[in-house]
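Inspection log for the structure reproduced underneath, given as C-alpha cells.
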Amino acid sequence: MDSLQQRSSTVQEPPGAALAYRPTPPPAWQPRTDPAPLLPDAEPLRVLGTDAVADADPELLRRLYAELVRGRRYNAQATALTKQGRLAVYPSTTGQEACEVAAALALEERDWLFPSYRDTLAAVARGLDPVQALTLLRGDWHTGYDPHEHRIAPLCTPLATQLPHAVGLAHAARLKGDDVVALAMVGDGGTSEGDFHEALNFAAVWQAPVVFFVQNNGFAISVPLAKQTAAPSLAHKAVGYGMPGRLVDGNDAVAVHQVLTEAVTRARRGGGPTLVEAVTYRIDAHTNADDATRYRGDGEVETWRAHDPILLLERELTERGLLDEDGRREAAEAAETMAAALRERMNADPVLDPMDLFAHVYAERTAQLREQAEQLRAELDAESEAG
Amino acid sequence: MTTHATARPAAKAAAKPATMAQALQRAMRDAMAEDPTVHVLGEDVGTLGGVFRVTDGLAKEFGEDRCTDTPLAEAGILGTAVGMAMYGLRPVVEMQFDAFAYPAFEQLISHVSRMRNRTRGAMPMPIVVRVPYGGGIGGVEHHSDSSEAYYMATPGLHVVTPATVEDAYGLLRAAIASDDPVVFLEPKRLYWSKSDWSPEAPAAVEPIGKAVVRRRGTSATLITYGPSLPVCMEAAEAAQAEGWDLEVVDLRSLVPFDDETVAASVKRTGRAVVVHESAGFGGPGGEIAARVTERCFHHLEAPVLRVAGFDIPYPPPMLERHHLPGVDRVLDAVARLQWEAGS
C-alpha cells in the first residue's frame with residue numbers, strides 16, 4: 001500500500017521538474033508532410049442543389065441518370081433471381097447506385113477497377129456483360145470473365161484483400177511507364193481489415209496511382225459504423241498514411257463522380273493515392289439471406305429513402321430542364337430491356353463441363369491431378385452409361 | 001513445368017567453393033538479367049541485401065525499382081505482388097523468416113494459389129515466395145518453423161525446397177520461370193553449406209517436380225528433403241557399420257510429388273523411413289507414408305516409419321537439438337525396420 005501511494009505521488013509531479021537541463025527533441029525528428037491539406041472537409045461534398053451543377057456536362061448528367069435507373073433495375077432483377085433460385089446469393093446495392101456508377105464512369109478504358117463482391121453493378125456499368133458479372137453469385141464459375149478484357153479484377157469475396165492487388169498493379173503500370181490508374185472499392189467494414197491498412201501504406205510510400213473508394217453504407221452486415229471505427233470519419237484515416245482524404249455524399253451522383261474523377265486525374269498525373277469516403281446507405285439487407293430488421297429500424301431506412309440517389313438527380317435534372325417525361329420513360333424502358341434480357345439469359349441452365357475442375361489448377365497438370373481427372377472421367381462415363 | 005530456363009554454357013569453373021546463399025543470389029541475378037519482368041521485393045532485400053545476404057547486390061545492379069525494400073508488412077508484400085503479377089511482372093518476394101510469412105497466408109491461400117483457377121487460366125500468378133525455414137541456427141521464437149505442411153495442403157501452389165547448392169540455383173531458376181506460384185523453402189541452416197558448384201558455370205536447370213536419389217542402397221530408403229538431407233546422408237554412412245545399405249531420396253519438390261521416383265526406390269529396398277523437421281502429426285510424413293503404402297504395399301517388409309520433429313511448438317534454441325531429428329533418431333528408426341509380424 002505504501003509503495004502504491006509513493007508511486008502515485010511521484011506521478012503527479014511535473015516530469016523533469018527537478019532537472020537542471022531542458023530536454024531536447026529527438027534529433028532525427030521532422031514532420032514528413034503537412035497534415036492540413038490531407039484532411040477531409042467537415043461535411044461530405046454535395047453538388048446537387050448548388051450552382052456547381054451548372055458547370056457539369058449535360059451529357060454526363062443524362063448518362064449518370066440513365067445508368068442509375070438501369071442500376072436500380074439491375075439490383076431489383078438480381079434480387080428477384082435469388083428468389084427464383086437462379087442466384088445463390090445477391091448483395092444488393094440499392095441506394096448505393098450513385099457510388100457504383102460513378103466509380104465505373106470516372107475511369108478511362110485503360111484503367112483498372114478492383115471491385116468487392118458487392119460491386120457487380122460497378123463492373124456492369126463499366127461494360128461487363130451482366131451475366132458474366134453474376135457467375136460468382138450463380139455458382140457456375142468463380143469469375144465469368146477475362147479480367148484483362150475490361151480491366152476489371154475478379155469480384156473479391158475476402159474483405160479488403162483486393163486493395164493491395166490494386167496497389168501492386170498500379171505500381172507495376174507506373175514502372176512500365178503506363179499512365180494507368182487503379183480504383184479499388186471497399187465497404188466500411190473492410191476498412192477494419194489489416195489489408196486495408198497495408199494497402200494504403202504501400203500506396204502512399206510508393207506514391208502509386210491508386211484511388212481507394214470506401215462506400216460507407218452504415219453497416220458491416222449488422223454491425224453499425226460506430227462499432228467499426230472511432231475515427232472522426234473513414235476519410236480521416238488517409239492522413240495517417242500521408243494521402244488526402246475526401247468525404248462525399250455517396251447519394252449525390254454528380255459529387256461522387258466529381259471527387260473520383262479528381263482523384264483519378266491526380267493519380268494519373270503522378271500525385272499519388274487518395275482515399276475517398278462516400279457516405280451512403282444500404283436500403284436492402286446485406287444479402288437476401290440477411291434479416292435487416294434485427295439491427296435497424298424502419299424510420300432510419302425511410303429517411304434514407306428520401307435521400308435516394310435517383311430522386312435527387314431526377315429532381316435536379318428536371319428543374320434544370322435536362323430531363324422530361326420522355327427522358328424518364330426512355331431510361332426506364334432501357335432498364336426494362338436490360339432486365340428482360342438478363343432474366344431470360346439467367347433462366348437458361350449453364351452448360352458445365354465437370355472436367356473443368358482440373359483445367360486451371362496449374363499451367364500443366366501434375367501427375368496427381370492427371371490421375372484424379374481420369375477417375376472423374378471414368379465416373380462420368382459410368383454415369384452416362386447408366387443413363 | 002513447360003517453361004524453364006536453360007543452363008548457361010559451362011565456362012572455366014572457378015575452384016572457389018560457393019555457398020547455398022550465393023547460389024540463390026546468383027539465380028535471382030541471372031533471372032533478372034535475362035528477364036526484365038523479374039522483380040525482387042521484401043523487407044531489407046535492397047540496401048542491406050537481405051538479413052541472410054541472399055539478395056546482396058541486386059538493388060545496386062538492377063536498381064531499386066527491380067529490387068525493392070518494402071514497408072514491413074508481409075500481407076502487403078505478397079498482396080502487391082499479386083497486383084504486379086496481374087500486370088505482367090514476375091515478382092520474387094522474400095518473407096525473411098518462416099513464421100513471419102503467416103500474416104501473408106490469406107493472400108497466399110485466398111488469392112495467389114487460386115487466381116489462375118478463379119479466372120479459368122486468364123490470370124496466372126508467376127510469383128515465387130521465398131521462405132527461409134527450419135531450425136538449427138539458434139534462432140529465437142518464430143525464427144525456426146517448418147511450415148511446409150500448410151503450403152502443401154493448398155492446391156494451386158508448388159512447394160519446393162533445395163538441399164544442395166546446385167539445386168538452390170537450379171530450382172530457384174525453375175521457380176522464377178514457372179508460370180505458377182512457387183513457395184520456395186530455403187533451409188536456412190544450409191545457407192552456408194558449400195560445394196564446388198561454380199557461380200561462373202551454373203548447373204543445368206531442371207523442371208520442378210523431380211526427386212533425386214542421392215545415394216544408392218539396397219536395404220531401406222530414407223525419404224527426405226531440405227535440411228534433413230545431410231542428416232540422412234550421414235545416417236546412411238553410419239548405418240553401413242550395422243550392415244544397412246541405405247538409399248537416400250531427396251524429394252526437392254513436395255508439390256508436385258514425385259511418386260514415381262519414391263515408389264521405384266521403395267520397391268527396390270522394401271523398407272522406408274520418412275525424415276523431416278516439421279511436426280509429425282499432420283505433417284508431410286503422413287502423406288508420404290500413405291502414398292508409399294498405396295503404391296508399394298506388396299513390396300514392403302515393414303510399415304513406413306516417420307522420423308519427425310516432436311508435435312510441439314518450435315522449442316527455444318537451447319533445447320532445439322533434442323527436437324530436431326538427428327542421425328541417432330534416424331538410425332533407431334532404421335533398426336525398427338527389422339519388422340516381424342506381431343512385434
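Just so it is clear: chains get the letters A, B, ... in the order the sequence lines come, proteins before strands, and each one is counted from 1.
For B:Leu157, the part lying under 4.5 angstrom from a heavy atom of chain A is the backbone only. There is no contact between B:Met125 and chain A, counting heavy-atom distances below 4.5 Å. For A:Ala359, no part sits under 4.5 Å from any heavy atom of chain B, backbone or side chain. Interface residue B:Ala75: backbone and side-chain heavy atoms are both found under 4.5 Å from chain A.
Evaluation of the salt bridge (charged side-chain N to carboxylate O under 4.0 Å, His left out) rule for A:Glu374 yields no partner, not counting sequence neighbours.
Listed here is the closest heavy atom pair of A:Glu364 and B:Asp180: N-OD2, 4.4 Å. Nearest heavy-atom pair, B:Met86 versus A:Ala153, reported as atom, atom and distance to 0.1 Å: CE-CB, 4.4 Å. Here the shortest heavy-atom pairing between B:Asn117 and A:Leu357 reads ND2-O, 4.3 Å.
Distance check, rounded to the nearest 0.5 Å: CZ of A:Arg151 to OH of B:Tyr87 gives 9.5 Å. Distance CD/B:Gln107 to NE2/A:His165: 3.5 Å, rounded to 0.5 Å.
Interface summary for chain B: among A:Asp178, A:Val180, A:Leu169, the most heavy-atom pairs under 4.5 angstrom belong to A:Leu169.
Side-chain contact, A:Thr161 with B:His111: a donor N or O sits under 3.5 Å from an acceptor N or O.
Residues of residues 108-130 of chain A lying under 4.5 angstrom from chain B, judged on non-hydrogen atoms, are A:Trp112, A:Phe114 in numerical order. Inspection of non-hydrogen atoms places A:Asp140, A:Trp141, A:His142, A:Thr143 of residues 132-145 of chain A under 4.5 Å from chain B. Annotation: residues 196-209 of chain A contacts chain B through A:Glu198, A:Asn201, A:Phe202, A:Val205, A:Trp206 [non-hydrogen atoms, separation under 4.5 Å].
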